[in-house]
Amino acid sequence: WTPDEITALVQPTEEDRQNVLSWIDSFNAELVKESYNKDFFNIEVSVQAAQNMFNVDFELFEHSSGMHTIRTTSQYQIPEELSSSVNFVAGLNRFPMVKK
């Protein structure tokens, strides 16, 4: 498979892409990066805006090593109209690995 063949297979429709980008923009989130295949967005957003975007509460967690991370322990939600466009959201509830 070539990169272009993979992109053709996995990329969203332009309408889906624009709908997701509009939703992201409505929370003043910054689009940091879009994957080559156009199927992942990395965004930066304030904690308050992320709580509103995904209907969750975030908490600050501290590892015994002193490392801090902000995560939710709740299941995130997205608008129903985006449910067929968004398969998952990463970075909200999984904890990072701590290097030993």
Side-chain angles (χ1 to χ4, degrees):
W1 292 77
T2 69
D4 289 339
E5 289 172 326
I6 293 171
T7 297
L9 182 67
V10 301
Q11 74 180 357
T13 66
E14 186 58 26
E15 179 181 6
D16 284 345
R17 183 179 169 277
Q18 287 303 317
N19 288 341
V20 172
L21 288 173
S22 292
W23 177 64
I24 289 169
D25 188 55
S26 73
F27 289 92
N28 295 317
E30 178 185 350
L31 177 62
V32 175
K33 183 179 178 183
E34 183 174 0
S35 69
Y36 176 85
N37 297 342
K38 301 180 179 169
D39 59 341
F40 285 96
F41 300 127
N42 288 345
I43 65 169
E44 287 186 5
V45 64
S46 71
V47 171
Q48 182 63 49
Q51 290 182 139
N52 293 332
M53 282 179 85
F54 300 107
N55 195 26
V56 296
D57 290 318
F58 287 100
E59 299 177 47
L60 179 65
F61 293 89
E62 181 178 357
H63 187 268
S64 61
S65 68
M67 183 178 172
H68 292 86
T69 190
I70 298 173
R71 293 291 185 265
T72 183
T73 57
S74 306
Q75 179 63 41
Y76 64 84
Q77 298 174 27
I78 59 171
E80 179 66 32
E81 61 269 18
L82 294 178
S83 64
S84 66
S85 305
V86 177
N87 292 325
F88 66 92
V89 177
L92 300 181
N93 51 14
R94 289 200 168 177
F95 289 91
M97 297 293 293
V98 177
K99 295 181 181 177
K100 294 181 179 184

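Quick note: numbers below take in every heavy atom, side chains included, and nothing from hydrogens, waters or symmetry partners.
- Through chains of ILVMFWY side-chain contacts below 4.5 Å, Phe61 is grouped with Phe95.
- Val10 and Phe88 fall into different hydrophobic clusters, defined by Ile, Leu, Val, Met, Phe, Trp and Tyr side-chain heavy atoms under 4.5 Å apart, directly or through other members.
- Atoms CD and CG, from Glu34 and Asn42 in turn, are 10.0 Å apart once rounded to the nearest 0.5 Å.
- The two residues Ala50 and Val56 have their closest heavy-atom pair at O-CG2, 4.5 Å.
- Between Pro12 and Arg17, the shortest heavy-atom contact is CG-CB, 4.2 Å.
- Formation of a donor-acceptor pair under 3.5 Å by the Tyr76 side chain with backbone atoms of Val89 is found in this model.
- Hydrophobic clustering (side-chain heavy atoms under 4.5 Å, transitive across Ile, Leu, Val, Met, Phe, Trp, Tyr) groups Leu82 together with Phe40.
- Glu15 CD: 12 or fewer foreign heavy atoms inside a 6.0 Å radius.
- Checked by atom type and distance alone, the side chain of Thr72 pairs as donor or acceptor with a backbone atom of Asp57 at under 3.5 Å.
- The hydrophobic cluster containing Met67 does not contain Ile70, counting ILVMFWY residues as joined when their side-chain heavy atoms lie under 4.5 angstrom apart, directly or transitively.
- Looking at every heavy atom in both residues, Ile43 comes nearest to Val32 through C-CG2, 4.1 Å.
- For Glu5, the CD atom counts as densely surrounded, since its 6.0 Å shell holds more than 12 non-hydrogen atoms of other residues, nucleotides or ligands.
- Residues Ile78 and Trp23 are in side-chain contact: their nearest non-hydrogen atoms beyond the backbone lie under 4.5 Å apart.
- Nearest heavy-atom pair, Phe27 versus Val45, reported as atom, atom and distance to 0.1 Å: O-CG2, 4.0 Å.
- Among all heavy-atom pairs drawn from Ser85 and Asp16, the shortest one is OG-OD1, 3.0 Å.
- In this structure, Ile6 CD1 and Gln11 CD are separated by 12.0 Å, a value rounded to the nearest 0.5 Å.
- For Met53 against Ile24, the heavy-atom pair with the smallest separation is CE-CA, 4.2 Å.
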Report task. Take Phe41 and Leu21, measure what side-chain contact (heavy atoms from CB on, under 4.5 Å) needs, and give me the verdict at the end. Result -> CA-CA 9 Å; Phe41 300 127; Leu21 288 173; 3.8 Å; yes

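- Note: the hydrophobic cluster containing Leu31 also contains Phe54 (ILVMFWY, side chain heavy atoms under 4.5 Å, direct or indirect links).
- Separating the CG atom in Asn19 from the CD atom in Glu14 is a distance of 10.0 Å, to the nearest 0.5 Å.
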